[in-house]
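Below is one structure, written out as structure tokens, with a few remarks after it.
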Amino acid sequence: MTVRVRFAPSPTGEPHIGNVRTVVFNWLFARKMGGRFILRIEDTDRTRYQPESIPIIMEGLRWLGLDWDEGPGLEELRRSGVENAEAYGVGGPHGPYVQSERLERYREVAEELVERGWAYRCNCSPERLERVRRMQRARKLPVMYDRHCRDLPPGAVSPDEPHVIRLKVPLTGQTVVHDVIKGDVVYDNAGIDDQVLLKSDGFPTYHLAVVVDDHDMRITHIIRADHWIPSTPKHILMYEALGWDIPTYCHVPLVLGEDGKPLAKRHGATSVTQFRDQGYLPEALFNFLALLGWAPGEGEEQEIFGREELIERFDLFRVNRAPATFSYSKLDWMNGVYIRGLSQDDLLERLIPVWQRAGLVPDPCPEDMRATLRRVVPLVQERLKRLTDVVDLTEFFFSEIEPPSAVLLMQKGLDAGQSLEVLRRARYVLTQVEDFSEERVEGVLRGLVEEMGLKNRQVFGVIRVATTGKKVSPPLFGTLSILGRQRVLARLEAAEAVLGVSSKS
RNA sequence: GCCCCCAUCGUCUAGCCAGGUCUAGGACACAGGCCUUUCAAGCCUGCGACACGGGUUCAAAUCCCGUUGGGGGCACCA
């Protein structure tokens with residue numbers, strides 16, 4: 001049987017990265033098994049519904065390379081208000097893949113459950129339900145529906161009046177969740193609530209919809225976050241009532257934030273688009289996510305895995321039972337590894353939009369500027385953890401700098417007079433040097449160090465601060481060469497003025 | 001309150017299922033050093049964990065029980 005798994009986001013905002021990690025597991029498992037990865041939109045909560053989040057979710061998946069084999073088709077997406085539906089419409093043989101388009105089907109199944117004696121109509125008011133719950137809490141009893149309508153005579157609640165349909169959970173016996181990661185989890189039926197399946201607005205609850213859709217869409221493995229475990233017995237009861245095959249459950253742990261709490265919006269950068277905007281590479285994030293809660297084992301000590309390698313090695317049944325904490329510092333390291341592994345051309349193409357967003361480079365990027373940027377790339381490549389780091393590191397190439405303060409200019413062991421001397425002589429040799437290639441610049445400046453009997457760090461330090469305005473910069477000779485003679489001489493002169501004034505005073 | 005899940009360095013993990021090869025291995029982070037024009041990168045070294053208590057066994061990180069700690073669920077939300 002072909003493996004079929006799904007990601008079923010609710011369009012109420014952007015999924016956070018912990019959720020995305022679970023998607024990565026789904027996708028990896030599907031690809032590993034030669035199966036199908038299905039995208040389904042669970043939009044049954046009309047109060048929290050945000051249609052604009054649908055394309056954002058899809059864009060995030062696509063950016064990470066998580067392509068889906070079946071999912072909402074063109075027309076479905078259009079009806080959901082997705083503007084560039086043609087970019088994302090996929091369709092498939094088991095649609096519709098948007099739950100609000102499947103209302104009739106849920107009603108049909110709910111009615112079937114009623115007919116089979118596995119569900120019943122209930123017209124209890126929200127006020128009464130709340131009263132019951134309050135009482136239960138006060139008496140420290142399990143909080144659940146008191147089954148007031150469960151044994152009403154047939155027809156006591158008219159199908160025409162507003163009502164919900166509830167699952168009629170057996171009062172005795174046990175239901176076992178066979179989970180491939182957690183093992184067998186046993187629940188007493190007596191502790192399972194008579195869950196609402198069909199809401200009074202005609203929409204299904206998650207519990208009905210997920211069972212119907214997973215069955216209709218022939219899902220074989222349900223890989224989802226483990227906070228769903230407690231509601232799984234209800235789902236199993238429904239499969240049994242309907243005579244349907246029960247899928248294989250794989251409840252994977254939640255991803256924790258650095259405070260040990262499950263990852264949520266308040267943890268800062270948590271959506272895929274935010275990671276993208278902060279300069280993370282999709283291949284690095286993907287690699288990192290795959291290793292969050294899973295490891296190849298067998299003594300394997302490699303950490304950097306390409307997509308194909310991960311597909312080949314991924315083993316769903318080895319996923320950790322315990323939750324993992326999302327570590328930004330390790331992600332940063334891994335991202336740096338991937339940046340260093342990029343070809344210079346590739347890195348250039350990824351950096352240009354970053355410079356553009358920072359307002360340092362016009363869009364489109366002029367050809368001559370591109371040529372200059374091409375020279376900057378090797379200077380910064382091994383210094384970047386995130387693409388966005390390039391802004392601070394290279395800003396001085398694009399705009400004029402404020403002449404640095406005397407304090408910043410002076411290096412260890414040099415006073416203002418000596419520093420000034422360094423700048424004057426540097427300006428002299430750089431005026432004389434026949435061209436401004438990195439090699440020539442290096443040659444004359446090293447000669448200057450020799451002549452003055454100073455240390456490399458002293459001479460190069462003063463020049464660095466004078467020309468970049470910072471103590472930390474890319475390698476000096478390449479930097480000067482790119483800046484060009486004119487700008488370098490001007491900046492040296494401006495710095496001399498600063499020191500000249502301060503040495504007189 | 002009731003139900004459920006989880007537990008190896010600060011973090012991600014290997015080892016656990018098929019007890020001995022584990023004075024517990026790797027990675028990130030951190031500290032120190034080397035290299036060096038700054039910062040990185042790279043290399044070397046260091047720091048650092050089987051939550052606790054019982055039991056089973058010749059032998060337990062590995063199996064069992066309990067405790068503690070953390071987390072999740074208990075909606076006409078997903």
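Throughout, a chain's letter reflects where its sequence line sits, starting with A, and its residues are numbered from 1. Everything numeric here is computed off the predicted structure, so don't read it as measured data.
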Item to complete: Mind calculating the distance between CG (A/N456) and C1' (B/C35) to the nearest angstrom?
Response: 13 Å
Worksheet entry | A/W333 side-chain proximity, nearest of B/A29, B/C6, B/A41 | B/A29
Practice prompt. Round to the nearest Å and state the distance from A/I41 atom CD1 to B/A78 atom C1'.
Written response: 13 Å
Worksheet item: B/U37, B/U13, B/C4: which one has an atom nearest the side-chain heavy atoms of A/N320?
Response: B/U13
Worksheet item: Using the C1' atom in both, what is the distance from B/G69 to B/G32, to the nearest Å?
Response: 35 Å
Item to complete: Apply side chain to side chain donor-acceptor pair (under 3.5 Å) to the pair A/Q99 and A/E42, showing each step before the final yes or no.
Response: CA-CA 5 Å; A/Q99 290 187 329; A/E42 306 212 332; 3.3 Å; yes
Practice prompt. Starting from P on B/C28, measure out to CD on A/E303 and report it in whole angstrom.
Written response: 7 Å
Worksheet item: Does the side chain of A/T325 get closer than 4.0 angstrom to OP1 or OP2 of B/U11 through an N or O atom?
Response: no
Response to the item:
Per atom distances to the A/P475 side chain, the nearest of B/U37, B/A78, B/C4 is B/U37
Worksheet, complete the sentence: Between CD of A/Q136 and P of B/C2 the distance, given in whole Å, is 14 Å
Item to complete: Indicate whether OP1 or OP2 belonging to B/A78 is found under 4.0 Å from a side-chain N or O atom of A/T44.
Response: yes
Discussion item. The side chain of A/K385 is closest to which nucleotide in this list: B/G25, B/A14, B/A41?
Written reply: B/A41
Exercise answer: donor-acceptor pairs, residues 132-140 of chain A side-chain atoms, under 3.5 Å, sequence neighbours excluded:
{"unit_1": "A/Q136", "atom_1": "OE1", "unit_2": "A/M144", "atom_2": "N", "d": "3.1"}
{"unit_1": "A/Q136", "atom_1": "NE2", "unit_2": "A/M144", "atom_2": "O", "d": "2.7"}

Worksheet item: Does B/C63 have a Watson-Crick or wobble partner in any strand here, with both distances under 3.5 angstrom, and which is it?
Response: B/G55
Worksheet entry | Base-pairing assignment for B/U68 (Watson-Crick or G-U wobble, both under 3.5 Å) | B/A7
Worksheet item: With respect to the side chain of A/S329, which nucleotide from B/C39, B/A29, B/A41 is positioned closest?
Response: B/A29
Discussion item. Base, sugar-phosphate or nothing for A/E298? Non-hydrogen atoms, less than 4.0 Å.
Written reply: sugar-phosphate
Practice prompt. Using whole Å, report how far CZ of A/F288 lies from C1' of B/C28.
Written response: 9 Å
Worksheet item: Which whole-number value in Å describes the distance from A/Y145 OH to B/C3 P?
Response: 23 Å
What does the list of N/O pairs under 3.5 Å between the protein and nucleotides 69-73 of chain B look like, with a distance for each?
{"unit_1": "B/G71", "atom_1": "OP1", "unit_2": "A/K261", "atom_2": "NZ", "d": "2.3"}

Item to complete: Would you tell me whether A/R224 and A/T232 have side-chain atoms, one donor and one acceptor, within less than 3.5 Å of each other?
Response: yes
Fill in: Rounded distance in Å - CG (A/D179) to P (B/C5)
11 Å
Fill in: Proximal nucleotide (of B/U13, B/A7, B/A27) relative to the A/K330 side chain
B/A27
Worksheet item: In whole Å, what is the span from the CD atom of A/E258 to the P atom of B/U11?
Response: 11 Å
Fill in: Aromatic ring proximity A/Y206/A/W228, centre distance under 6.0 Å
yes
Discussion item. Only pairs with both distances under 3.5 Å count, Watson-Crick or wobble alike; so what is the partner of B/C2 in this structure?
Written reply: B/G73
Taking N or O atoms only and anything under 3.5 Å, show me the protein contacts with nucleotides 74-76 of chain B, one pair per line.
{"unit_1": "B/C74", "atom_1": "O2'", "unit_2": "A/V143", "atom_2": "O", "d": "2.5"}
{"unit_1": "B/C76", "atom_1": "O2", "unit_2": "A/S200", "atom_2": "N", "d": "2.8"}
{"unit_1": "B/C76", "atom_1": "O2", "unit_2": "A/S200", "atom_2": "OG", "d": "2.6"}
{"unit_1": "B/C76", "atom_1": "N3", "unit_2": "A/S200", "atom_2": "OG", "d": "3.0"}
{"unit_1": "B/C76", "atom_1": "N4", "unit_2": "A/C124", "atom_2": "O", "d": "3.3"}

Discussion item. Checking A/Y97 against A/D213: is there a side-chain donor and acceptor pair closer than 3.5 Å?
Written reply: no
Worksheet item: When you measure from the side chain of A/R457, which nucleotide among B/U37, B/A78, B/C5 comes out closest?
Response: B/U37
Worksheet item: Heavy-atom distance under 4.5 Å between the side chains of A/I165 and A/V196, does that happen here?
Response: no
Response to the item:
In Watson-Crick or G-U wobble terms, with both distances under 3.5 Å, the base opposite B/A18 is none
Discussion item. Taking only the C1' atom of each, what is the distance from B/C9 to B/C2 in whole angstrom?
Written reply: 36 Å
Item to complete: Can you tell me the pairing partner of B/U36 across any strand shown, Watson-Crick or G-U wobble, with both distances under 3.5 angstrom?
Response: none
Worksheet item: Under 3.5 Å, is there a donor-acceptor pair between the A/N123 and A/E161 side chains?
Response: yes
Worksheet item: If only side-chain N and O atoms of A/R340 are considered, is one of them under 4.0 Å from the OP1 or OP2 phosphate oxygen of B/G42?
Response: yes
Item to complete: Establish whether the base of B/C77 is bridged to the side chain of A/R48 by a donor-acceptor pair shorter than 3.5 Å.
Response: yes
Worksheet item: With a 6.0 Å cut-off on ring centres, are A/F203 and A/Y106 close enough?
Response: no
Item to complete: Indicate whether the side chain of A/S473 and that of A/R464 have a donor and an acceptor atom separated by less than 3.5 Å.
Response: yes
Worksheet item: Going by distance alone, is a donor N or O of one side chain under 3.5 Å from an acceptor N or O of the other, for A/E309 and A/Q302?
Response: yes
Item to complete: Could you walk me through whether A/F326 and A/F275 pass the ring-ring contact (aromatic ring centres under 6.0 Å, His included) test, one step at a time?
Response: CA-CA 13 Å; A/F326 192 97; A/F275 280 93; 5.7 Å; yes
Worksheet item: Quick one: is A/R318 getting a side-chain N or O under 4.0 Å of the B/A14 phosphate, OP1 or OP2?
Response: yes
